[in-house]
Amino acid sequence: MTAAELLRSDLRLLSDLVPEGSRVLDLGCGDGALLEYLRDRRACTVRGIELSTGGVTACVARGLSVIQTDLEEGLRDICDDAFDVVVVSQTLQEVRNLRQLVAEIMRVGRRAIVSYPNFGHLSARLRLGLRGRMPVSESLPYQWYDTPNLHFTTMSDFRILCEQAGMTVEREIGLRLRHGRVEHVSWAPNLRAELAVAVLVRPTA
Amino acid sequence: MAASTDAPHGGLAAASGPLRLTLDGPLRLVGGAILESVEVAYETFGTLAGDGSNAVLVCHALSGDAHVATGPDAEGRVRPGWWNGMVGPGLPIDTTRYFVICANVLGGCLGTTGPGSFDPATGQRWGLRFPLLTIEDMVDAQVRLLDALGIDTLLAVVGGSMGGMQALAFASHYPQRVRSIVAAASTARLGAQSIAFNEVGRAAILADPAFQGGGYAPDEQPRDGLAIARMIGHITYLSEGGMREKFGRRLRDREDHAFEFVSEFEVESYLAHQGRKFVERFDANTYLYMTKAMDYFDWAPPASGDLPRFLVLSFTSDWLFPTAQAREIVRQLLARGADVSFAEVESPYGHDAFLLECEQQGALIGAFLERSCALSRLTERRAS
């Protein structure tokens, strides 16, 4: 298996959205797999922020520049416009002060690529609407009382947040998981996608 | 990665034991003074690679010395080093791979020229006539040692606490001579609280009648003052939780309070023991010069350009140089576009954690050095 195949397939999709040679900041970069790929295959200058000690150690072992910090504290160590692209892979929904972080993301980078679980997915709607139970699925695998997710959103709601924050949604991609791999959902994504990816751009003043 | 004191024979064979070298020519200090003759005490561990690419300079903290890892002392007896869990064969700073150099700092009292040395101009001990020093001067002396050893570029400079300050100063003043920097439990500048603790330690030494304006004979040094300074220092090296855990309110060798001014709580006898032990191996004048050098330290990061890689580490319970101060180093480096990594290591040991917390810290430093090594080989291949 090549490095590209080993990369989690949703990360692979995110990496395809990053222009070659970009300066990239990954918020909640985990073990640094995406950043390593972007550095080695797409000639990007990369930096990660991660809370877990295991993740930070793994990043250091990959030779990545990683800062251990809690995103709740914002990005105060990072200068304005320091990055071309800020990647936030399945992390935003775990941050308490989400609106402040979104503002910070737009301060340090012009473009953001955000992935998040889509609560508007049909199975979630059926489970809540018909069975009266909180959704639990492959993309939302947690019980309500034991979940890192503080915010639940749908693709439609997420778009509203972005517009309120003054960002342009350049692209929206719906994804679903099939046997551990991701597939695009082009028809009725807010109903059929389990995962969503949004490319956001800060309008030039 | 487990700390081991049983170094295999091959590792010991590669430990140099105490070495001394007189620097070639005088050393000009930041404050303007010139030291005509400087002797540096140092030790090496491991073997220098043919291309010199595996040299790692480890800088010691306030009370440390050149004996960083297990090896023979001057009498040939094998003694454990002060960073025994980190430096040695198979350890994170692996002496079977890296050539480790550690030197007693300028102004020290454990072999390198300091206030206890003889001033060649007068034939007397320097005492307080020894010029005031900075962290940068300590670095300059070590760079001159490297020159003498024929080492142009280091793979890494690694240090904790005051050693971390030296590593940072090295990066700023000799960025072309080092590929990576590790600063653990360190700071870019002391805050008022840390300066205050240093000042109380100095005041205790200066108030001791035996101090004699710094002109005491070596075997008649201000023992009480230096011991008190060390006791104060020790409190700042531990954490509140660590002390509660280690001593609590337990009494030593007794059931009831004595109702006398004697050492009765365990924490009291621990501090007294640390003070007594310290006085046997450390010099009061050196303590004054070292703490002053730390107080003066006010780091400016290297100018942008071809910078070394940085690993900055802090420890959760360190309140002497807390995480916020390490983050300040990181912020300054990020602003210069440096390749910097930062981690806060979980530990109950306070500031001393950098000496004791070898597993998590070791994993980070070990991985960082390994990558720095691989990257420098890559750069050399591209250059050739």
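Here is the naming used below: chain letters follow the sequence lines, and residue numbers restart at 1 for every chain. Side-chain atoms are counted along with the backbone in the values below, which use heavy atoms only and exclude waters and symmetry mates.
At a threshold of 4.5 Å between non-hydrogen side-chain atoms, the residues A/Val60 and B/Ile365 do not count as touching. The shortest side-chain heavy-atom distance between B/Glu328 and A/Asp77 does not fall under the 4.5 Å cut-off.
Closest non-hydrogen pair, A/Ala61 versus B/Ala367, comes out as CA-CB, 3.8 Å. The heavy-atom pair separating A/Thr57 from B/Ala363 by the smallest distance is CG2-CB, 4.1 Å.
Contact annotation for B/Glu370: neither backbone nor side-chain heavy atoms come within less than 4.5 Å of a heavy atom of chain A. Contact annotation for B/Glu346: neither backbone nor side-chain heavy atoms come within less than 4.5 Å of a heavy atom of chain A.
Within the structure, the ring-ring contact (aromatic ring centres under 6.0 Å, His included) test picks out the following pairs touching residues 171-190 of chain B (sequence neighbours left out): B/Phe170-B/Tyr174.
For residues 42-53 of chain A, a heavy-atom distance under 4.5 Å to chain B picks out A/Arg47, A/Thr53, given by residue number. Heavy-atom neighbours of chain A within the stretch residues 330-340 of chain B, taken at a separation under 4.5 angstrom, comprise B/Val330, B/Arg331, B/Leu334, B/Ala335, B/Gly337, B/Ala338, B/Asp339, B/Val340.
The environment of CD in A/Glu72 is crowded: more than 12 heavy-atom neighbours from other residues, nucleotides or ligands sit within 6.0 Å. For B/Tyr349, the OH atom is loosely surrounded, since the number of other residues' heavy atoms within 6.0 Å does not exceed 12. Other residues, nucleotides and ligands contribute over 12 non-hydrogen atoms within 6.0 Å of the CZ atom of A/Arg125.
In terms of the salt bridge (Lys or Arg N to Asp or Glu O under 4.0 Å) criterion, residue partners of A/Asp16 (sequence neighbours excluded) are, by chain and number, A/Arg12.
Donor-acceptor pairing under 3.5 Å is recorded for the side chains of B/Arg327 and A/Thr69.
One N or O on the side chain of A/Gln68 and one on the backbone of B/Glu344 form a donor-acceptor pair closer than 3.5 Å.
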